[in-house]
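Below, chains carry the letters A, B, ... as their sequence lines are ordered, and counting in each starts from 1. If you're wondering where the values come from, they're calculated on a predicted model, not measured in any experiment.
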Protein chains: 2
Amino acid sequence: MTDSMAFSIGDLAREFDITTRTIRHYEDIGLLKPQRSGQTRIYSPEDRTRLRLILRGKRLGFSLEESRAIVDLYDPSHGNVEQLQTLTEHIQQQREKVTRQLRDINKMIKSLDEAEAACRKALKKARKNAPKSGGKKSGKK
Amino acid sequence: MTDSMAFSIGDLAREFDITTRTIRHYEDIGLLKPQRSGQTRIYSPEDRTRLRLILRGKRLGFSLEESRAIVDLYDPSHGNVEQLQTLTEHIQQQREKVTRQLRDINKMIKSLDEAEAACRKALKKARKNAPKSGGKKSGKK
DNA sequence: GATTACCTTTACGTAAACGTAAAGTATCTA
DNA sequence: TAGATACTTTACGTTTACGTAAAGGTAATC
């Protein structure tokens, strides 16, 4: 039960709703390095996790290069102290970026709330002025 | 004091730390429509707000087309009821996307926390094993 | 044994979001 | 009056992140 679970490229494409081309592209630029069985790519659970992180980064608007920095945080190929120190700096940078995103998102949610309220108000007013066939279920609710 | 405040393209570029080319590009695709004084563009506070919203969307990884949808929420050119209804749908969509981003961000912050902790731990261990010149300020803290 | 469903590589194409250069206009200012 | 600075347009170039053939290998199934 050590390395029992493996995935094909199609498995991952289906699971994450992306194309195989996308997955191969990530390999082209060195974000993924699956094993091979002959020609065919074999993805481990770790590869799957890396892919998940990449796609999360994408949803957050990170470039693939930025995602690389994040994914590499979880890579056990960081040994010496200097690397660890630059690593903490990287983490700090990512944290700052993400924190700013959090602020932006909260602002945007607030904006959406306001926009929705204004919209509802306008709709209410419109229905009141011209309830040509819409006055049916017009309980106060 | 109605429309007293106006900005040049350079003003806005400096304020938001972008190039004038970027601002003109947003106009090319119809995201901004500043007034003109002869050839020269004159930006109102409303234009400035639109630009701010666009850039916020960018930081959140929105495409300019997506940002257009958001910016248009605040545009007073939405009059009739059907438009208002599709508008609420748009708002709902944006809210869902942003909500998912919020989840992603929280996950990522958590991940960063863990990565940082693991990193500190590794550094501590490294200093303990080889304190060649680093044992100086090594109070428990 | 032919079809179907996977997988592979190589390679040119493309949309988005600007960058960058060229060439010209208008306004200060030394 | 000659820069220097800031504005303008036109237009080709570039990067990122894949899309989309083309051409083929392998393996199960009808």
Side-chain angles (χ1 to χ4, degrees), chain A residues 5-44 47-48 50-72 94 97 101 104, chain B residues 5-44 47-48 50-72 93-94 97 100-101 104:
Chain A
M5 254 166 66
F7 309 91
S8 76
I9 194 169
D11 291 340
L12 295 185
R14 247 166 279 123
E15 175 175 358
F16 293 109
D17 195 29
I18 55 181
T19 68
T20 59
R21 176 67 180 90
T22 297
I23 298 178
R24 291 199 190 95
H25 177 63
Y26 295 162
E27 182 173 349
D28 285 344
I29 63 176
L31 282 177
L32 293 173
K33 286 163 197 168
Q35 283 189 287
R36 297 281 181 137
S37 169
Q39 289 247 94
T40 305
R41 294 167 174 83
I42 307 291
Y43 295 87
S44 70
D47 293 323
R48 183 159 155 271
R50 288 177 71 90
L51 181 55
R52 189 202 309 282
L53 289 174
I54 295 165
L55 296 175
R56 177 195 292 169
K58 265 201 59 179
R59 288 197 301 272
L60 290 174
F62 287 40
S63 74
L64 292 182
E65 283 311 310
E66 289 178 305
S67 286
R68 181 200 305 279
I70 291 183
V71 168
D72 283 348
Q94 296 297 348
K97 181 173 182 189
Q101 282 208 350
D104 283 338
Chain B
M5 256 168 62
F7 310 89
S8 76
I9 193 169
D11 290 340
L12 295 185
R14 247 167 278 123
E15 176 175 357
F16 293 110
D17 195 29
I18 55 182
T19 68
T20 59
R21 175 68 180 88
T22 297
I23 298 178
R24 291 199 189 95
H25 177 63
Y26 294 163
E27 182 173 350
D28 285 343
I29 63 174
L31 282 177
L32 294 173
K33 285 164 196 167
Q35 283 188 287
R36 296 281 181 136
S37 169
Q39 290 247 92
T40 305
R41 294 167 173 82
I42 306 291
Y43 295 87
S44 70
D47 292 323
R48 183 159 156 271
R50 286 177 73 89
L51 180 55
R52 189 202 308 283
L53 290 174
I54 294 165
L55 296 175
R56 178 195 291 169
K58 263 201 60 178
R59 287 198 301 273
L60 290 176
F62 286 43
S63 74
L64 293 182
E65 282 311 310
E66 288 178 306
S67 285
R68 180 201 304 277
I70 291 182
V71 169
D72 284 349
Q93 285 171 22
Q94 297 296 347
K97 181 174 183 187
R100 197 179 51 202
Q101 282 206 350
D104 283 337

Contact class for [X] (heavy atom, under 4.0 Å): base, sugar-phosphate, or nothing?
X	result
A/Arg36	sugar-phosphate
B/Thr20	nothing
B/Ile29	nothing

Under 3.5 Å donor-acceptor, A/Gln101 side chain and A/Leu60 backbone: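 At least one qualifying donor-acceptor pair exists.
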
Has the side chain of B/Ser63 got a donor or acceptor atom that lies under 3.5 Å from a matching backbone atom of B/Glu66?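 A pair under 3.5 Å: yes.
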
Return the value, rounded to whole Å, for the distance between atom [atom1] of [X] and atom [atom2] of [N].
X	N	atom1	atom2	answer
A/Phe62	D/dT16	CZ	P	17 Å
B/Tyr43	D/dT8	OH	C1'	11 Å
A/Gln39	D/dG24	CD	C1'	10 Å
A/Arg21	D/dA22	CZ	P	16 Å
A/Glu66	D/dT16	CD	C1'	12 Å

Is A/Arg14 paired with A/Asp11 through a side-chain N to carboxylate O contact shorter than 4.0 Å?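 Counted as a salt bridge, because a side-chain N and a carboxylate O are separated by less than 4.0 Å.
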
SB check A/Arg68 A/Glu65 (cutoff 4.0 Å):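 So A/Arg68 pairs with A/Glu65 through a salt bridge.
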
Nearest atoms (heavy-atom pairs only) where B/Leu32 meets B/Leu51: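 Shortest heavy-atom separation between B/Leu32 and B/Leu51 comes out as CD2-N, 4.2 Å.
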
With a strict under 4.0 Å distance from non-hydrogen atoms of chain B, what nucleotide opens and what nucleotide closes the contacted stretch of DNA chain C, reading 5' to 3'?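 Span of nucleotides near chain B: C/dA17 to C/dT20.
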
About how many Å separate CD1 of A/Ile23 and CG of A/Leu31, when rounded to the nearest 0.5 Å?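 A/Leu31 atom CG to A/Ile23 atom CD1 measures 12.0 Å (nearest 0.5 Å).
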
Return whichever of B/Ile42 or A/Tyr26 has its heavy-atom-nearest nucleotide of DNA chain D closer to the 5' end.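 Residue closer to the 5' terminus by nearest nucleotide: B/Ile42.
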
Taking only the side-chain nitrogens and oxygens of B/Arg24, find out if one of them lies under 4.0 Å from OP1 or OP2 of D/dT8.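 Yes.
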
